[in-house]
Amino acid sequence: MRLVILNDPNEVAEWAARYVKKRIQDFQPGPEKYFVLGLPTGSTPYGMYQKLIEFYRAGKISFKYVKTFNMDEYVNLPRDHPESYHYYMFNNFFKHIDIDPKNAHVLDGNAPDLIQECNKYEKEIADAGGVDLFIGGIGPDGHIAFNEPGSSLLSRTRVKTLAQDTLQANARFFGNDIGKVPKQALTVGVGTVMDAREVMILITGSHKAFALYKAIEEGINHMWTVSAFQQHPQTFIICDEDSTMELRVKTVKYFKALSDVHQKLIEESSSVDQFRTLH
Ligand code: PGA
């Protein structure tokens, strides 16, 4: 695992966007070879999307040969509801870039058969050749996507009932009315994300500090589903200072001392091979 500790959420957004740009550039996607990205929603990745749009407008990156798979979507929320993840992705990212809409996949929480929708999603990911880079955020309870505490660490895409903590955290998006937050969601499983070739998890804010500690300094535990990524061979956690408050000084010092190495991972000139040897 790599823990990249940056000063603030802006630096996290910039680092994450530069990493995505570099991975796509190095991959050299084309009509026969698409780069496959897994994507999150929420407040944490918002700045990364803004930066990626900036890079696209500056001609530094294209999404023409990129396929995306979003992590999750609420059940029974109309697609054009401002809090639906379809709405979020379209308005905050897809409509600003050159991705072909047929390559931008978001689970359909209004599908007539939700189980079939989830199974179809897994198949679409497999048909795309698997995810090259899955980007995720976490909740203060350590969930990744909507894999709430107690989710199987081998879980696949499925219907999930949201935990009280998540309903409370998300009520702010529904006029602070917890009764308006959808109670269920479709979500990729922990196992689905674990299958990605690389995983990059963005964590910011002191309210996520305990979750970051549980994610990396204690054992793998299905009550903190993000901890499963301790067993993934290519995981990056990109975090800000505030979220490191519960970590040991030794942990923080160790990873901060690697900041030059981390910087090389987003430099234009370094090659994929260099990345491989750095891990
Ligand atoms: P946030 O949500 O980025 O809005 O904090 C993350 C999550 O709950 O997975």
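Counting starts at 1 for both ligands and their atoms, in listed order.
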Checklist line | Option from V188, L186, T41, N147 for which side-chain contact (heavy atoms from CB on, under 4.5 Å) with D72 holds | finding: T41
Checklist line | Residue Q231 excluded, over 12 heavy atoms near CD under 6.0 Å | finding: no
Next item on the list: Could you name the protein residues that come within less than 4.0 Å of ligand 1, counting only heavy atoms, and order them by chain and residue number?
Entry: G42, S43, T44, I138, G139, H143, R172, K208
Margin query: My understanding is that only residues two or more places apart in sequence, or in another chain, count here; which of them pass salt bridge (Lys or Arg N to Asp or Glu O under 4.0 Å) with K33?
Written below: none
Item checked: Any donor-acceptor N or O pair under 3.5 Å, side chains E73, Y121 -> no
Check: L265 pairs by side-chain contact (heavy atoms from CB on, under 4.5 Å) with which of R2, R18, K22?
Finding: R2
Item checked: Salt bridge flag under 4.0 Å for residues R156 and D195 -> yes
